[in-house]
Amino acid sequence: MKRTVFVGDLHLSADRSDITHAFLDFLTHGLKDAEALYIIGDLFEVWMGDDIAEPFSQDIAKAIKSVSTLMPVYFIHGNRDFMVGRAFCQQAGMKILPEVHCIDLYGTRTVILHGDSLCTLDEAYQRFRRFRSIALVRWIYANILPKQTRLNIAAKIRQKSIKGNQQKHYEIMDVEPTAVDALLSATDCQRMIHGHTHRPDIHHLADNKQRVVVGDWYTQGSVLSVSSQGCELQQRPFSA
């Protein structure tokens, strides 16, 4: 049976070789019968420009490129890797999709996104999100700021994110139901697939609609497999 596979929130980094190895193993052995792979944001823990990619990311690009010779690989930016550019995506054989993308998935109209835009109760983050989405801001980050400055900013973003998330209530960090309903209605979709919250689950909504959340890869590999039979969340254990 043919299927389409979704992953997100891998947060790959040089200091988490276990996640890198698990992802490489998944790319080699976990895509049997798949006809497309979607990476829906936060492939990397932080990314401040294709020109300062860490050496380990070249192995990631080569592995994804190998998969792209067998099936299309699609990429949606997350909140940590919004600076991933066309150069890296071309190297990895990935096609960049818009932040919100709709497809007919085995007869079910489905909207796909990273998910951070749905956390509307986190007003501070939404202000930052609007700021970094400005084209001029992204261009300055990529072309004007020195490499070391961008690396320093990346380190501060990670520290601030960890500290800030520890102080936020559970509800603020999750998606807001009215935002979910509004997007499903605006896109005329029956199903939504997203990540970002690190809370894998299949939520059954009113009017037979569905919200599917792909989990993170901090302690295990979270994979969503979608076929004509429906959705299945799978876990790929990390090697000891």
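When reading the values below, keep in mind they use all heavy atoms of this one structure, side chains included, and skip hydrogens, waters and symmetry mates.
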**Item:** Enclosure of D33 CG (heavy-atom neighbours >12, cutoff 6.0 Å)
**Value:** yes
**Asked** Please walk me through it: do H77 and F75 pass ring-ring contact (aromatic ring centres under 6.0 Å, His included)?
**Response** CA-CA 7 Å; H77 290 97; F75 174 74; 5.0 Å; yes
**Asked** Apart from M1 itself, what residues make up its hydrophobic cluster, given side-chain heavy atom links below 4.5 Å?
**Response** none
**Request:** Check for a donor-acceptor pair, side chain of R191 on one end and backbone N or O of Q210 on the other, with a separation under 3.5 Å.
**Result:** no
**Request:** Mind running ring-ring contact (aromatic ring centres under 6.0 Å, His included) on H11 and Y218 for me, showing each step along the way?
**Result:** CA-CA 8 Å; H11 295 272; Y218 282 129; 5.1 Å; yes
**Message:** For the CD atom of E99 and the CD1 atom of I76, what is their distance to the nearest 0.5 Å?
**Reply:** 9.0 Å
**Asked** Looking only at side chains, do R3 and S227 share a donor and an acceptor under 3.5 Å apart?
**Response** no
**Asked** Sequence neighbours excluded, which residues qualify as ring-ring contact (aromatic ring centres under 6.0 Å, His included) partners of F6?
**Response** Y38
**Message:** Give me the atom names and distance for the closest heavy-atom approach of T187 to R109.
**Reply:** O-NE, 2.9 Å
**Request:** Identify whether the distance between the nearest side-chain nitrogen and carboxylate oxygen of R80 and E45 falls below 4.0 Å.
**Result:** yes
**Message:** Assess the residue pair F88 and W47 against the criterion (ring-ring contact (aromatic ring centres under 6.0 Å, His included)); give the C-alpha distance rounded to whole Å, side-chain angles, the decisive distance to 0.1 Å, and a yes or no.
**Reply:** CA-CA 11 Å; F88 179 81; W47 190 274; 4.8 Å; yes
**Considering all heavy atoms, the nearest T197-C119 contact** = CG2-SG, 4.5 Å
**Request:** Measure across T110 and C189 and return the closest heavy-atom pair with its distance rounded to 0.1 Å.
**Result:** C-SG, 3.7 Å
**Prompt:** How close do T108 and Q190 get, heavy atom to heavy atom, and via which atoms?
**Reply:** CG2-CB, 4.0 Å
